[in-house]
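First the structure, in the form of structure tokens, and then the observations on it.
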2 protein chains.
Amino acid sequence: MRHPLFPKKLDVAKGQVEMVHGSGGKAMAQLIDELFTAEFDNPYLAQKNDQAVLDAPRGRLVMTTDSYVVSPLFFPGGDIGSLSVHGTINDLAMAGAQPLYLSAGFILEEGLPLALLRDVVRSMAKAARAAGVPVVTGDTKVVERGHGDGVFINTAGVGVLPVGLTAPSGNRARPGDVVLVSGTMGDHGVAIMSKREGLSFETTIASDSAALHTLVATMIQAVPDIHVMRDPTRGGLATSLNEIAHQSGVGFRLAEREIPIEPQVAAACELLGIDPLYVANEGKLIAICAHDSAQKLLAAMRSHPLGRKAAQIGSVIADEENHFVQLQTTFGGSRILDWLAGEQLPRIC
Amino acid sequence: MRHPLFPKKLDVAKGQVEMVHGSGGKAMAQLIDELFTAEFDNPYLAQKNDQAVLDAPRGRLVMTTDSYVVSPLFFPGGDIGSLSVHGTINDLAMAGAQPLYLSAGFILEEGLPLALLRDVVRSMAKAARAAGVPVVTGDTKVVERGHGDGVFINTAGVGVLPVGLTAPSGNRARPGDVVLVSGTMGDHGVAIMSKREGLSFETTIASDSAALHTLVATMIQAVPDIHVMRDPTRGGLATSLNEIAHQSGVGFRLAEREIPIEPQVAAACELLGIDPLYVANEGKLIAICAHDSAQKLLAAMRSHPLGRKAAQIGSVIADEENHFVQLQTTFGGSRILDWLAGEQLPRIC
């Protein structure tokens, strides 16, 4: 007969995270077995080693990492679990890579209800399965009450760059290139802020949190040489474009009326006194390509469910001196979209 | 003339982490530029993308992750920065992999002195350089005062398994195999506890924190078919052997007098009322191999600076029913080394 390692099943419904769950003993082994491994349910984790051995990809690797400290943990359109899968997959996809594997590191605060942790892990597992990118290895640490905040998650991701593809990169924008976005701006940040501030609107504003790798695959199939892709997360569209302007040594000229924004997001931003162009997105991307490819790329984006509202919003201009992001306003004026200077939305992801 | 993005240099000496350092704007960009990228100083990070494109390795990949929440942040023999490099490299090495790349995710608490952060990052960069494993991509989040604890670090690692090598794995221990350890047990955990409790001994007890991949390479060159390797971190030697016993469906018989323990570590453990066999190590490994290869493997370990005190401590026995780890005590008796049941040493890594 097999020795029963855990004679009593983990009480997920009523239990909570204790310091002992981080100490490397039987309680930690049980938490990993009955909660993490059970939810993620894949042959890599089933090996129960401190690392996973993976098939050799054919092509250059792409690697990325993000920690997630979003507050609140659950919000309309997602939660910290699904976000931690989508965000890291998106960082791989922005280099043109096919995401292959994720790791997951949890920092849990003593006292966290196990049922809440189970819900987060279940959502994470569901997002990983839906994206076809398994969580192959993980780690759990526990900190004392008051030294963490429920749950923080780090995910790292590894992907493979198709052979022959020149990876899109922030330093490849050239004057004359066209700037596209895959959809409406500001949804994620406004969803978080609304929930945090207890605001309610006629329509619920949901986060756009989504994995963009299949959209990217569709785009690359249509236009293999996309110069830049970036997901405008913290700091929003304006900050991402400033980063790219700086990396490429160029400027941007955008047309405000072409930038898609949901009416209720625009309304919420007015109420909150924030600019939607600086608000985080978690399921949108910026793509910059040569002028001649732009219509083909835009059509490809619109053919995908996650790019239906894609739009051409402006172009890259020469500006070696200032690297300014200029906005032609709807009312005919022009203003500079500077870097986000102060703190706008803490713990948005 | 180049637009001066950061007209005023980051005041590392007197400054501290503010919420704005996590918000995705200019302050975050400056922190990353002047502190992280400057210290890590490699061409991957210099690209300033949200991910790194890496050369294609020849062979199967190995991936791992660990979060580090050790308290205190600095301790004799290391700090959270060097530990976060060594620990993740070791998890790769335990699969027989050559470590290639690291990612780094920081969760910073508002108010953390920048000088302290700089020291941590500098130590991390130094450890990565010494090991020849670059930090290729990173992420920084900031949480409000009282919702974190100074700095938490996650590192994920990617390595490559030499072509033709069967990876050592926790489920490959077979009755008759020999159990080796690479050196003295318990040094890391006792160093942390002594610092935390303000204990002082005649000799300072230093953590054994070290990257073991060159030791592992030496070992594999001598004996390619090592069945199991594991670094006995949280829960120590006893817990790691219980895990392996469970994975492989075997038992262990160890000789207490053969297990190397520094006299001052043994003395400190008595004072603290803890068993050194359950105390974390951060620069030691367990190796299990066929009886016929054991002497060759032991000699290879002893030929390396990190394995000078390597020892043969016991053997794998058949125990399909209980998977017990049995210890023949120095005084002729025998006891079962069970899994660590309670919480022994919180936040040891």
Side-chain angles (χ1 to χ4, degrees), chain A residues 1 3 5 19-20 23-26 47-56 59-67 69 91-92 94-95 101 103 105 107 136-139 141 143 147-149 152 154 156 158 161 167 169-170 234-235 239 246-247 321-323 339-344 346-347, chain B residues 1 3 5 19-20 23-26 47-56 59-67 69 91-92 94-95 101 103 105 107 136-139 141 143 147-149 152 154 156 158 161 167 169-170 234-235 239 246-247 321-323 339-344 346-347:
Chain A
M1 203 201 83
H3 179 60
L5 187 57
M19 291 307 292
V20 66
S23 69
K26 203 182 255 189
Q47 280 282 330
K48 299 187 190 186
N49 287 320
D50 290 331
Q51 69 294 113
V53 177
L54 310 163
D55 287 334
R60 281 166 298 160
L61 290 185
V62 177
M63 187 177 186
T64 191
T65 190
D66 258 320
S67 298
V69 299
D91 277 346
L92 294 174
M94 293 309 109
Y101 307 111
S103 66
I107 299 177
V136 297
T137 188
D139 175 60
K141 293 290 189 302
V143 295
H147 290 94
D149 197 5
F152 300 145
N154 175 285
V158 168
L161 209 57
S169 173
R234 279 181 288 179
T239 301
H246 191 73
Q247 278 178 270
E321 198 175 330
N322 293 313
H323 317 331
W339 289 71
L340 179 63
E343 166 206 345
Q344 192 180 30
R347 298 183 59 182
Chain B
M1 203 201 80
H3 179 60
L5 185 59
M19 291 307 293
V20 66
S23 69
K26 204 182 255 189
Q47 280 282 331
K48 298 187 191 187
N49 287 321
D50 290 331
Q51 68 294 112
V53 177
L54 310 164
D55 288 334
R60 281 165 299 160
L61 290 185
V62 176
M63 186 177 188
T64 192
T65 189
D66 259 318
S67 298
V69 299
D91 277 346
L92 294 174
M94 292 310 109
Y101 308 111
S103 66
I107 299 177
V136 298
T137 188
D139 175 60
K141 294 291 188 303
V143 295
H147 289 94
D149 197 5
F152 300 145
N154 175 285
V158 168
L161 208 58
S169 172
R234 279 181 288 179
T239 301
H246 191 72
Q247 278 179 270
E321 197 175 333
N322 293 312
H323 316 332
W339 289 71
L340 181 62
E343 166 206 344
Q344 192 181 30
R347 298 182 61 183

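Being a predicted model, the structure only gives us computed values, none of them experimental. To find a chain, count down the sequence lines: A is the first, B the second, and so on, and within it residues start at 1.
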Bottom line for A/Ser67: the part with an atom under 4.5 Å from chain B's heavy atoms is both

What heavy-atom pair brings [X] and [Y] nearest, and what distance separates the two atoms?
{"X": "A/Ala156", "Y": "B/Met63", "result": "O-CE, 3.6 Å"}
{"X": "A/Arg347", "Y": "B/Met19", "result": "CG-CE, 4.5 Å"}
{"X": "A/Gln47", "Y": "B/Gln247", "result": "O-NE2, 2.8 Å"}
{"X": "A/Thr64", "Y": "B/Thr137", "result": "CA-CG2, 3.6 Å"}
{"X": "B/Val53", "Y": "A/Leu161", "result": "CG1-CD2, 3.9 Å"}

Less than 4.5 Å to any heavy atom of chain A: does that hold for the side chain of [X], its backbone, both, or neither?
{"X": "B/Thr239", "answer": "side chain"}
{"X": "B/Ala167", "answer": "side chain"}
{"X": "B/Val136", "answer": "side chain"}

Chain A contacts, top residue of [options] (heavy-atom pairs, under 4.5 Å):
{"options": "B/Asn154, B/Asp149, B/Asp139", "value": "B/Asp139"}
{"options": "B/Gly148, B/Gly138, B/Ser169, B/Gly235", "value": "B/Gly148"}
{"options": "B/Asp55, B/Val158, B/Ile107", "value": "B/Ile107"}

Review point. B/Gln51 side chain to A/Asp91 main-chain N or O, any donor-acceptor pair under 3.5 Å?
Key: yes

A/Thr65 vs B/Thr65, side-chain contact (heavy atoms from CB on, under 4.5 Å): CA-CA, chis, key distance, verdict: CA-CA 10 Å; A/Thr65 190; B/Thr65 189; over 6 Å; no

Most contact-rich option vs chain B, by heavy-atom pairs under 4.5 angstrom, among A/Ser103, A/Gly170, A/Gly105, is A/Ser103

To the nearest 0.5 Å, atom NE2 of A/His246 lies from atom NZ of B/Lys26 at 9.5 Å

Does a side-chain heavy-atom distance below 4.5 Å link A/Val143 with B/Phe152? yes

